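So the structure is just underneath, and the comments pick up after that.
Since the structure is predicted, the reported quantities are computational estimates derived from the model, not experimental observations.
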Amino acid sequence: MRIPTRNGIGASRVSLPVGPWPTVLDFLLERMPDVSRDEWLHRFENGLVLNVDAQPVAASQAYTPRTKLYYYRHIANEPVLPQKASIVFEDEHLIVADKPHFMPVTPAGRYVQQSLLVQLKHLTGNDDLVPLHRIDRETAGLVMFGKRLQDRDAYHALFRDKAMHKVYEAVAAYNPSLELPRTHTSRLQPDELFFRTQEVAGEPNSETRISPLKVEGARALYQLEPVSGKRHQLRVHMMALGLPLEGDQFYPTVLRGPDAEEDFSNPLQLLAKSVAFTDPVTGEAREFHSALRLSIAL
């Protein structure tokens, strides 16, 4: 049975292993300690915890191993982001959205209703929407969503097969002695801090083309074209050249952790500016551009 979407939010699933928990509430409190007892009780009382038959479960229900539970995320007093997303393009297969800085693509951390996916589900009434790729919460710009289940694999293949031409813009320091344009390659792997990425020795698994677009004194606007799609690739590659992006809270040093309060006055100067591809469903040539701008723009 398909578990329904509620208020734009898809249900999360958890499997119940063999264990000593007397009730489902006891299990959830131990398995997810970051969620308070009061919050779980709120979810149970409001029918936000379901069994495999999509029926509400009581907090006192006896624990049954080798079954599954579904629950909907809920955040009391969710912060409101200063900007809303907009839709750049929509047809029967595809939505292209323009995401502002600080907005997660999918529910994460302190943001559920404010996430791009949930906002688009409310705007369109389409519970089948799925992001075809991701950009960092701190990054602004274009994000593509599939509207139909049967189209998803074809659109995902564009990214997997590197058939999507992506162009970003970024603002960083200007170094006249650095030879540009250039292509930067390196091997990226997760850092000891889970929310960061680092360059290490070894065969490259990432590639970015970097070109200057405009110089304003000691600062410049750059065009970044990622060939690969590693996490934080553009931020790490620019840092490796001695050009960390303005407003970056993670690189080269951590100024603010991922769960810290936002500084909306100092967004990361990175923008997913355009995408171009041949639509695998319609066969049409597509090209879309973000209407958002960085602190230096053409």
Side-chain angles (χ1 to χ4, degrees), residues 1-13 54 70 83-101 103-108 111-169 205-209 223-234 270-293:
M1 175 176 290
R2 184 176 180 182
I3 305 299
T5 297
R6 291 192 182 181
N7 201 22
I9 304 170
S12 299
R13 183 181 68 183
Y70 296 84
Q83 291 180 282
K84 297 292 186 183
S86 62
I87 293 177
V88 173
F89 171 83
E90 180 177 4
D91 67 5
E92 62 183 305
H93 310 286
L94 190 67
I95 286 180
V96 182
D98 220 355
K99 183 187 85 67
H101 292 103
M103 181 180 292
V105 173
T106 58
Y111 299 114
V112 174
Q113 292 297 321
Q114 294 290 301
S115 69
L116 179 59
L117 176 60
V118 174
Q119 286 190 41
L120 291 178
K121 284 182 176 181
H122 286 313
L123 282 172
T124 65
N126 185 344
D127 286 339
D128 290 331
L129 282 180
V130 63
L132 300 173
H133 63 119
R134 307 290 176 95
I135 61 175
D136 297 337
R137 184 175 66 85
E138 300 88 356
T139 303
L142 300 181
V143 184
M144 294 170 49
F145 291 79
K147 296 179 69 174
R148 308 193 313 169
L149 297 176
Q150 62 266 41
D151 296 337
R152 291 180 186 178
D153 287 345
Y155 284 116
H156 280 305
L158 290 172
F159 296 91
R160 183 178 64 247
D161 299 339
K162 300 179 181 179
M164 175 75 64
H165 183 218
K166 298 172 288 184
V167 175
Y168 287 71
E169 291 181 356
N205 61 3
S206 61
E207 178 178 346
T208 305
R209 303 180 187 122
Q223 177 173 289
L224 310 179
E225 298 172 86
V227 177
S228 52
K230 298 296 183 181
R231 182 171 183 253
H232 292 179
Q233 174 179 317
L234 303 180
L270 182 61
L271 172 66
K273 186 63 178 180
S274 69
V275 292
F277 58 96
T278 298
D279 193 304
V281 177
T282 68
E284 297 179 65
R286 303 287 199 191
E287 185 169 353
F288 303 109
H289 295 265
S290 171
L292 300 174
R293 296 161 64 92

Report yes or no: does [X] contribute a side-chain atom to a donor-acceptor pair with the main-chain N or O of [Y] at less than 3.5 Å?
X	Y	result
Q113	N7	yes
T208	P226	no
K147	D91	yes

Pairs satisfying salt bridge (charged side-chain N to carboxylate O under 4.0 Å, His left out), at least one member in residues 113-126, at least two apart: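 Found none.
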Atom CG of D153: over 12 foreign heavy atoms under 6.0 Å: no
What is the distance from atom [atom1] of [X] to atom [atom2] of [Y], rounded to the nearest 0.5 Å?
X	Y	atom1	atom2	answer
K99	S290	NZ	OG	10.5 Å
R148	L94	CZ	CG	11.5 Å
T278	L158	OG1	CG	8.5 Å
T106	I9	OG1	CD1	12.0 Å
M103	Q114	CE	CD	6.5 Å
D128	F145	CG	CZ	13.5 Å

Salt bridge present between D127 and R2 (N-O < 4.0 angstrom):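 Answer for the salt bridge query: no.
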Plane angle bin for Y155 and F277 - parallel if under 30°, tilted between 30 and 60°, otherwise perpendicular: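 If you compare the ring of F277 with that of Y155, the planes turn out perpendicular.
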